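Below is one structure; the comments refer to it alone.
Just so we're clear, the structure is a prediction, and the values are computed from it rather than from any experiment. In this chain, numbering begins with 1 at the start of the sequence shown.
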Amino acid sequence: MHGLWRPRVLGAWRVPATGPAILAVNHSHNIDGPMVMGVAPRPTHFLIKKEAFVGPLGPFLTGIGQLQVDRHTADRTAITRALGVLDAGGVLGIFPEGTRGEGDFASLRAGLAYFAVRGGAPVVPVAVLGSSERRGRLIQGLPPLRSRIDVVFGDPFEAGDGSGRRTRRALDEATERIQKQLTAHLENARRLTGR
C-alpha cells in the first residue's frame, strides 16, 4: 500500500495489542479493505463476498487468511470461521454496511453486532477517507497512484450492554449503539483529516 499510495495512518495504537478485536470499516471503494490490511498493526481477517474469490485471486485471498462469505444467505461456514478468528484472539475485519456505498455507516446490517456480542470482542471503528475522491488516470478503478488516503482508527468500545444477552432485542440495541459510535468516529475522522 505504501508503494502505490501515500497512506496516512492515525490512531493505529488504539487497536488492542492482544486478544480478539473487530475492525468496523466504512466501505466506499474496493481498495478500502486491502488498505486497512496493509496498514493495520495486527493481521486482519476480513469477511469478503464470495464473488471476489475468482480465478487466482481466490487462492490468494484464502492463503492470506481472508474469509469468504455468501451475503445472500445465513452463511454458517463463514460465521463459524469468523467466530473462530475471534476465539483464537485474532482480529476480524467487517464492512458493517455489507456492501460498498457512500461509506457513511448510514445503514448497518446486524452481522457486526452479532460477532461483537457473541465473540465478546471490542469494536474498533476505522474510517478510510480519500479512496473514492478521484479516479486514477492510469487505472480508472483505483485512486490515483501516490495519492493520499487517510486511515483513522478510533477508540475500541463494547457493543453489548454487559448483560451477555444475545436475543434479537439485545442485538438490535447493540446495532444502534454501534451505529452511533461509528457515525461519531467518521465525523471526527473527517474533522481531523480535513476531508
Side-chain angles (χ1 to χ4, degrees), residues 1 15-16 18-101 103 105-126 128 131 141 151 153 156-161 163-179 181-182:
M1 293 296 121
V15 177
T18 59
I22 297 173
L23 302 184
V25 184
N26 68 324
H27 196 22
S28 60
H29 195 283
N30 283 335
I31 201 69
D32 297 339
M35 182 61 68
V36 172
M37 280 186 261
V39 302
R42 293 177 61 190
T44 305
H45 306 273
F46 268 91
L47 282 168
I48 300 173
K49 63 183 179 181
K50 73 176 186 178
E51 294 84 357
F53 287 75
V54 295
L57 191 56
F60 172 75
L61 290 172
T62 302
I64 62 170
Q66 305 315 303
L67 310 172
Q68 185 176 161
V69 63
D70 182 347
R71 298 176 301 166
H72 307 293
T73 66
D75 188 339
R76 291 234 177 263
T77 302
I79 292 168
T80 302
R81 288 183 178 152
L83 289 173
V85 166
L86 297 174
D87 289 343
V91 178
L92 181 65
I94 295 181
F95 299 112
E97 296 158 297
T99 189
R100 209 171 46 252
F105 297 123
S107 61
L108 301 189
R109 298 178 77 173
L112 174 55
Y114 174 79
F115 288 120
V117 172
R118 170 72 172 71
V123 175
V124 178
V126 183
V128 179
S131 60
V151 181
F153 293 86
F157 64 92
E158 296 297 328
D161 60 6
S163 68
R165 294 179 303 129
R166 291 188 262 183
T167 62
R168 169 47 72 204
R169 183 174 176 187
L171 291 178
D172 288 345
E173 290 169 0
T175 299
E176 226 174 278
R177 271 191 294 282
I178 289 169
Q179 185 155 24
Q181 291 275 0
L182 297 183

Query raised in the report: Side chains of V91 and V85: closer than 4.5 Å at any heavy-atom pair?
Result: no

Report summary line: Residues L61 and A52: closest non-hydrogen pair is CD1-O, 3.9 Å

Report summary line: With sequence neighbours left out, the residues meeting side-chain contact (heavy atoms from CB on, under 4.5 Å) with T80 are none

**Report entry** Atom CZ of R177: over 12 foreign heavy atoms under 6.0 Å
**Finding:** yes

I'd like a table of donor-acceptor pairs (distance under 3.5 Å, sequence neighbours excluded) in which one partner is a side-chain atom from residues 38-48, with atom names and distances.
unit_1	atom_1	unit_2	atom_2	d
R42	NH1	P16	O	2.8
R42	NH1	G19	O	2.9
R42	NH2	G19	O	3.0
R42	NH2	G89	O	2.7
T44	OG1	R42	O	3.1
H45	ND1	G65	O	2.7

Query raised in the report: Partners of F153 by ring-ring contact (aromatic ring centres under 6.0 Å, His included), sequence neighbours excluded?
Result: none

**Report entry** Heavy-atom closest contact (P96 atom, L182 atom, distance)
**Finding:** CG-CD1, 3.8 Å

Query raised in the report: Which heavy atom in L67 sits nearest to a heavy atom in A82, and how many Å separate them?
Result: CD1-CA, 3.8 Å

**Report entry** Set of residues satisfying side-chain contact (heavy atoms from CB on, under 4.5 Å) with respect to T73, sequence neighbours excluded
**Finding:** D70, D75

**Report entry** D87: salt bridge (Lys or Arg N to Asp or Glu O under 4.0 Å) partners, not counting sequence neighbours
**Finding:** none

Query raised in the report: Do F157 and I178 come close enough that some side-chain heavy atom pair is under 4.5 Å?
Result: yes

Query - Straight-line distance of E51 CD to H72 NE2, nearest 0.5 Å - result: 5.0 Å

Query raised in the report: For R76, what residues pass the salt bridge (Lys or Arg N to Asp or Glu O under 4.0 Å) criterion, not counting sequence neighbours?
Result: none

**Report entry** Over all atoms of both residues, closest heavy-atom pair of I79 and F115
**Finding:** O-CE2, 3.9 Å

**Report entry** Atom of L112, atom of V123 and distance for their closest heavy-atom approach
**Finding:** CD1-CG2, 4.4 Å

Requested in this report: Search all heavy atoms of L86 against all heavy atoms of A121 and return the closest pair with its distance.
Outcome: CD2-CB, 4.0 Å

